Amino acid sequence: MAKPKTLFVCNACGAQSPKWVGQCADCGAWNTLEETQATTAVTHRSGYAGEASALRRLTELESAEELRTSTGLREVDRVLGGGIVRGGVTLIGGDPGIGKSTLLLQLVARVHDALPTLYVAGEESLQQIHLRAQRLGVADVPITALAETCVERIMAQAEQARPGLLVIDSIQTIFTETLQSAAGSVSQLRESTAQLVRYAKRTGTAVLLIGHVTKEGAIAGPRVLEHMVDTVLYFESDVGGRYRVVRAVKNRFGAANELGVFAMTDGGLKEVSHPSAIFLSRHEAPMTGSVITCIREGTRPMLLEVQALVDESPLQNPRRVTVGMDQNRLAMLLAILHRHGGVAMFNQDVFVNVVGGMRIGETASDLSVLLAVLSSFRNQPLGADTLVFGELGLAGEVRPVPNGEERLNEAAKHGFRRAIVPYANQPRHRTIEGLEVIGLRRMSEALDLL
Ligand code: TYD
Ligand code: MG
């Protein structure tokens, strides 16, 4: 008999290694390798035993439009790219307590007529879910619920009930009988998700998976899950904040990076339809280290406040701390500032925070981060009615960003008086009423503005 082969899988990135090592060779994370049996390949094949697929012409297939069901929640439809897709698998990630179960219950109650739902509760009792449904005012919707964590039994029940939508809350609690390891381990997550994905594709059932997020912000366990599913949504928010932002990080059926914005109320999540300025708190007096920028997420612009604090450091290696943006990007901006602006911060701690718990990944925020840092360093405010955006290049040039005019219009709409933008983003043929636009070619010109 062949010896069962063991394999080590990184629970951060899913990379495999034949032996245990302290650091994952793929993603560089420490202590993330877990032992698992290398049986997945075989179970995959046995699970695949079905009828062989026939050759089809794409033109003969039903149009994708008809396979979508609108959820009736405009912000959810927006991130999903128009609604729930038949046979589509969506992973919804977020911190505990952020509102994943709440949002899904609200959604399920709305689509139940069009898509009869099976709600699988792996975490909570059915009583708890009933209580939440009462609180949300949807207790009279006849949703079928099941308290079960074994994926084989879930699918057996689903085969009978034939729901149009299968909700799994949460994927970390689900296990498959074919593997020995504990629920929530990488191999369990992968295998259970693989089985659910195959079920979804075979039966045309839409599947929504809830996933927990690690403190590093990735969906716990493997990023492998993100490859397996069609759509990945993340919840973002401030700790204790009122607003919740749902972001599509990956979407096979729509635009990625689209945002949906909700407010958490005592009656559940409410949509925010004009969210562009919800994270702004207008300060009475100008504040140092605070700069307003306009990012464009998906298809709409959003105004955000970037705050920086620069303080003399007692440490050998001064700190570079970012909340809501990439730390390496900050290091790069500080290098540009030194090299092309002659401003050194070698003995300073630099903290940057994006207010409201939002994450910005857009390079268009470069200039605003730089000006916030500079403003704090020099203890000079930029002025509360000033908007800043623009990308910085390593040569110290200010590079244009897409949709500049739309961002400027948004700023004017919210009463900003001045905008500091890349030269190429200045409106060429018209002026925007009430807004003085200052175009920059080089980063060094920004130094003179403060
Ligand atoms: P929940 O959906 O259980 O979070 P998750 O499934 O992501 O872990 O949300 C729980 C939080 O939401 C909890 O802190 C209470 C709050 N909440 C409200 O404020 N109003 C409501 O109507 C509901 C149902 C929850
Ligand atoms: Mg929950």
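Because the structure is a prediction, the values reported are computed rather than measured. Counting starts at 1 for both ligands and their atoms, following the listed order.
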inquiry  = Contact between Val350 and Leu309 at the side-chain level, heavy atoms closer than 4.5 Å - yes or no?
reply    = no
request  = At a heavy-atom distance under 4.0 Å, which protein residues reach ligand 1? Sort them by chain and number, would you?
outcome  = Asp95, Pro96, Gly97, Ile98, Gly99, Lys100, Ser101, Thr102, Arg132, Arg135, Leu136, Met264, Thr265, Asp266, Gly267, Gly268
inquiry  = A side-chain contact here means heavy atoms from C-beta on lying under 4.5 Å apart; do Met325 and Val306 qualify?
reply    = no
request  = For the residue pair Val151 and Arg153, establish whether any side-chain heavy-atom pair is separated by less than 4.5 Å.
outcome  = no
Main-chain N/O of Val9 paired to Gln16 side chain as donor or acceptor, under 3.5 Å = no
ask   = Do the side chains of Thr90 and Val207 get nearer than 4.5 Å, heavy atoms only?
value = no
task = Find out whether Leu304 and Ile292 are in side-chain contact, i.e. whether some heavy atom of one side chain is under 4.5 Å from a heavy atom of the other.
result = no
query = side-chain hydrogen bond (donor to acceptor under 3.5 Å, both in side chains): which pairs involve residues 317-331, sequence neighbours left out?
reply = Arg329-Asp366
request  = Applying side-chain contact (heavy atoms from CB on, under 4.5 Å), name anything that partners Ala114, two or more places apart in sequence or on another chain.
outcome  = Thr69
key: In the protein, N/O/S atoms that are found under 2.8 Å from the Mg ion (ligand 2), waters not counted   = Ser101 OG
query = How about Ile171 and Leu196: do any of their side-chain heavy atoms sit closer than 4.5 Å?
reply = yes
